[in-house]
Amino acid sequence: MNKKTNRRNFIGRGAAVAAAVTAAAVPAAAAGQADKPVKKVLYRNGSKPDKPPLFNSTVSYGNLLFIAGVGYHAEGDIKVHTKNVLDQIQQQLESVGSSMEKVLKCNVYLNDLKDYAAMNEAFLGRFGAEPPVRTTIAAAGGIPGNSLVEIDVIAAI
């Protein structure tokens with residue numbers, strides 16, 4: 001296969017994924033109901049802050065839940081950091097009626113690619129028998145806040 005064919009295949013897969021995500025986000029419309037999905041910001045303390053934040057940590061749209069990147073900003077190795085990040089994500093998911101088993105997409109950002117195998121050890125099994133699709137990269141320049149890992153997810157509610 002040449003570069004052009006690979007690019008077309010990649011773009012085609014991207015369009016299929018976008019269509020699937022859109023369909024998942026609008027089940028009411030697909031069912032012919034008048035209700036339309038609504039964006040909802042879910043605040044950690046339950047109340048809207050006085051001034052607009054830089055970004056929101058948890059947003060739902062229809063039956064999809066988006067959790068912004070979570071890091072761990074304390075001492076420890078990659079296994080400690082990964083466990084604590086996944087514990088925080090699990091807590092956020094459960095607080096809004098979702099779960100680790102309902103995570104559809106996961107992005108993992110490592111401070112250093114040498115931590116890949118150890119991160120996988122801490123990651124394995126945390127999402128149940130059928131884990132989500134996942135992308136893992138080493139972030140150029142590191143992770144903000146001295147975390148060794150940052151993880152964001154998209155889940156069903």
Side-chain angles (χ1 to χ4, degrees), residues 6 9-27 37-49 51-157:
N6 281 338
N9 287 342
F10 178 78
I11 291 170
R13 284 194 307 269
V17 169
V21 168
T22 301
V26 290
V38 175
K39 175 182 172 181
K40 295 179 186 172
V41 177
L42 307 163
Y43 300 104
R44 285 183 191 229
N45 64 2
S47 62
K48 188 174 181 175
K51 59 183 182 176
L54 181 60
F55 64 91
N56 290 302
S57 63
T58 310
V59 174
S60 69
Y61 186 79
N63 66 337
L64 292 178
L65 181 69
F66 302 83
I67 296 179
V70 175
Y72 181 67
H73 310 290
E75 294 296 318
D77 63 10
I78 189 64
K79 290 181 183 180
V80 168
H81 280 235
T82 303
K83 179 195 178 308
N84 280 280
V85 165
L86 292 172
D87 288 348
Q88 289 178 60
I89 289 171
Q90 182 174 353
Q91 184 179 34
Q92 282 183 264
L93 289 164
E94 291 173 355
S95 75
V96 296
S98 190
S99 69
M100 296 293 270
E101 291 79 11
K102 292 181 180 180
V103 173
L104 306 170
K105 173 78 170 114
C106 180
N107 292 315
V108 178
Y109 308 94
L110 293 171
N111 191 56
D112 192 323
L113 198 54
K114 75 176 177 14
D115 290 331
Y116 184 73
M119 178 276 299
N120 279 332
E121 287 179 36
F123 189 96
L124 185 64
R126 288 300 302 264
F127 294 91
E130 296 180 350
V133 297
R134 184 181 97 182
T135 299
T136 304
I137 65 158
I143 305 294
N146 297 319
S147 184
L148 300 178
V149 64
E150 184 169 311
I151 300 174
D152 66 61
V153 299
I154 300 172
I157 300 175

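The shortest distance between side-chain heavy atoms of L104 and L64 falls below 4.5 Å. Residues D115 and T82 are not in side-chain contact: their nearest non-hydrogen atoms beyond the backbone lie 4.5 Å or more apart. The closest side-chain heavy-atom distance from L65 to T58 is below 4.5 Å. Residues K105 and P132 have side chains not in contact (no heavy-atom distance under 4.5 Å, counting atoms from C-beta outward). In this structure, the side chains of N120 and R134 come closer than 4.5 Å at one or more pairs of heavy atoms. Two residues are said to be in side-chain contact when any heavy atoms from C-beta on lie closer than 4.5 Å; V153 and C106 meet this criterion. Residues L86 and F127 meet the side-chain proximity criterion, which asks for heavy atoms closer than 4.5 Å. Side-chain contact check for V149 versus I78: some heavy-atom pair is nearer than 4.5 Å.
Minimum interatomic distance between V70 and V85 (heavy atoms only, all atoms of both residues): O-CG1, 3.3 Å. Of all heavy-atom pairs spanning I143 and N111, the tightest one is N-OD1, 3.1 Å. Nearest heavy atom pair, residue K39 against residue Y61, reads N-CD1, 3.7 Å. Contact between E150 and G69 at its shortest, heavy atoms only, is OE2-CA, 3.4 Å. S95 and Q92 make their closest contact through OG-O, 2.8 Å (heavy atoms, listed as atom of the first residue, atom of the second, distance).
Note that CD1 of I67 is 10.5 Å distant from OG of S60, once rounded to the nearest 0.5 Å. In this structure, the separation between CD1 on I137 and OH on Y109 is 6.0 Å, given to the nearest 0.5 Å. For the atom pair L124 CG and M119 CE, the distance stands at 10.5 Å (nearest 0.5 Å). To the nearest 0.5 Å, atoms NE2 (H81) and CD1 (I151) are separated by 12.0 Å. Rounding to the nearest 0.5 Å places CD1 of I89 at 11.5 Å from OG of S98. Of the inter-residue distances, the one linking D77 atom CG with L148 atom CG reads 8.0 Å to the nearest 0.5 angstrom.
Of the residues listed (K83, Q91, Q90), the one engaging D87 in a side-chain hydrogen bond (donor to acceptor under 3.5 Å, both in side chains) is K83, and it is the only one. Between N107 and the options D152, T136, V133, I154, a side chain to side chain contact (heavy atoms under 4.5 Å, CB included) holds for only D152.
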